[in-house]
Amino acid sequence: MDITYIKRVIAKRKRKRYNNKEKEVDTMKELLSIVVPCYNEEEVIEKYYDATIPVLEGLNIKYEIIFVDDGSKDKTAKLMKQLADKNDHIKYIILSRNFGKEGAMYAGLCHAQGDYVGLMDVDLQDPPSLIPEMLNILQEEEYECVGTRRVTRKGEPKIRSFFARMFYRLINKMTKTEIVDGARDFRIMKRCMVDSILSMTEYNRFSKGIFSWVGYRTKWLEYENIERAAGETKWSFWKLFKYSLEGIIAFTTAPLAIASIMGILFCFGAFIGILIIVIRALVDSGSAVAGWPSLICIILLVGGIQLLTIGILGQYLSKTYLETKKRPIYLTREKNTKEYNKE
Ligand code: UDP
Ligand code: MG
């Protein structure tokens, strides 16, 4: 065999081994950031820490946990700081007041330094044991995001599940952006997707819509609903109702179109009605006074529809009003980390 050929093969092998080694070193250079919004969670934050840290320690990349205190009134912020003193991987951001989960998540994403960024609830309804699998999929397969969805709503009040299902059906009919039923905010994304989400600086945030609107390839992992480890849900029925309205208004203008269509239909009905009245008056002039109860009904109905339509317009106008103010999505009181690519 040709000696130069053998030399070439050996050189190629060496190069390959070297490249592989580089790859190994590279993965250790990568960072996973996990953003965890917390609002009055003193009962679970330590449980979350104890459950998650062993999982993250077992990964083949570095990690940081970013706790965001969303204006808690209990000891949540103090506990976060204690955890940060104990472990360098723990970062915290304390917001100046309660901005809502959406604001808290955005704050966390702004500060996440990672090549991979995850979002998790602190109440252990999002099982940390899924993290290695999620990360592995992102590293090995052609996806930019691994999301999770609950396939059951076990442990949730029946009426709440019913309205949730109705909401998903309604919003998916009205908008082109697909909102997956049962999708949780628990997900890990690659940097490119996080940057895209951060570029959407709208004030009225509906993350489930934003995640879907930015696109990218998402793989869904399914799991059974898990009940809260401790404490109580922060979402009352009324809060959820307002949130779902926000979702519809943020992602579709279909209600405006429906209002216009109703207007056209009623104009058409009125035109036919006028025609009938005129013809009847010409044929039989004596019966003009009769029928006022039906008239009142029609006036009430049309009046009601008009108010509804103005209400829909008002909803969009109020959201536009808030957007034009360009208020910050969150304000920070204290933190031990910096914004990504800034400061
Ligand atoms: N959360 C928050 N700000 C709020 C409400 C909730 O940061 O105003 C956090 C909360 O601490 C938790 C997550 O959002 O980590 C989900 O909240 P919760 O478990 O109450 O919601 P559910 O699981 O019932 O939908
Ligand atoms: Mg929860």
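Both ligands and their constituent atoms are indexed starting at 1 by order of listing.
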Would you say Thr252's side chain and Ile248's backbone share a donor-acceptor pair under 3.5 angstrom?
-> no

Any N/O pair Asp123/ligand 1 closer than 3.5 Å = yes

Judging by distance only, is a nitrogen or oxygen of Ala104 under 3.5 angstrom from one on ligand 1?
-> no

Aromatic contact, Phe99 with Tyr106 (centres under 6.0 Å) = no

Ranked by distance from atom 1 (N) of ligand 1, the top protein heavy atom is Tyr39 CB, 3.8 Å

Go through the side-chain N and O atoms of Lys239 and Tyr243 and say whether any donor and acceptor fall under 3.5 Å apart.
-> no

May I ask you to identify the nearest protein heavy atom to atom 25 (O) of ligand 1, giving residue, atom name and distance to one decimal place in Å?
-> Trp235 CD1, 3.6 Å

Of the side chain and backbone of Asn40, name the one, both, or neither that has a heavy atom under 4.0 Å from an atom of ligand 1.
-> neither

Considering only the protein, which heavy-atom contact is closest to atom 14 (O) of ligand 1, and what is its distance?
-> Lys101 CD, 3.2 Å

Report yes or no: does Asn87 contribute a side-chain atom to a donor-acceptor pair with the main-chain N or O of His89 at less than 3.5 Å?
-> yes

Distance to 0.1 Å, residue and atom name: give those for the protein heavy atom nearest to atom 18 (P) of ligand 1.
-> Arg228 NH2, 3.5 Å

What is the closest protein heavy atom to atom 15 (O) of ligand 1, and at what distance does it sit?
-> Pro37 O, 2.8 Å

Side chain, backbone, both or neither: which part of Asp70 has a heavy atom under 4.0 Å from ligand 1?
-> side chain

The Mg ion (ligand 2) reached by Asp121 (N, O or S, under 2.8 Å) | no

Minimum-distance protein heavy atom relative to atom 10 (C) of ligand 1 | Glu41 OE2, 3.2 Å

Numbered atoms and elements of ligand 1 in range of Cys38, under 4.0 angstrom, heavy atoms | 7 (O), 11 (O)

Starting from the Mg ion (ligand 2), look over the N/O/S atoms of Asp123 and name the nearest one.
-> OD2

Hey, which of Asp185, Leu130, Ile188 is the one that makes side-chain contact (heavy atoms from CB on, under 4.5 Å) with Thr148?
-> Leu130

Under the side chain to side chain donor-acceptor pair (under 3.5 Å) criterion, do Glu41 and Thr76 qualify, and how do the steps go?
-> CA-CA 6 Å; Glu41 301 282 12; Thr76 306; over 6 Å; no

Do Lys91 and His111 meet the criterion of a side-chain donor-acceptor pair at a distance under 3.5 Å?
-> no

For atom 20 (O) of ligand 1, the closest protein heavy atom turns out to be Lys234 N, 2.6 Å

Exam field: side chain Ser196 to backbone Val214, donor-acceptor pair closer than 3.5 Å = no

With Glu144 as partner, the option from Arg191, Arg217, Lys190 fulfilling salt bridge (charged side-chain N to carboxylate O under 4.0 Å, His left out) is Arg217

Interatomic distance, CD@Glu64 vs CD1@Ile90, rounded to 0.5 Å, equals 9.5 Å

Distance-only N or O hit between ligand 1 and Lys239, under 3.5 Å | no

Short N-O contact, Asp69 and Arg333, less than 4.0 angstrom = no

Output the list of atoms in ligand 1 that are nearer than 4.0 Å to some heavy atom of Gly100, sorted by atom number.
-> 3 (N), 8 (O)

Distance to 0.1 Å, residue and atom name: give those for the protein heavy atom nearest to atom 23 (O) of ligand 1.
-> Gln125 OE1, 2.7 Å

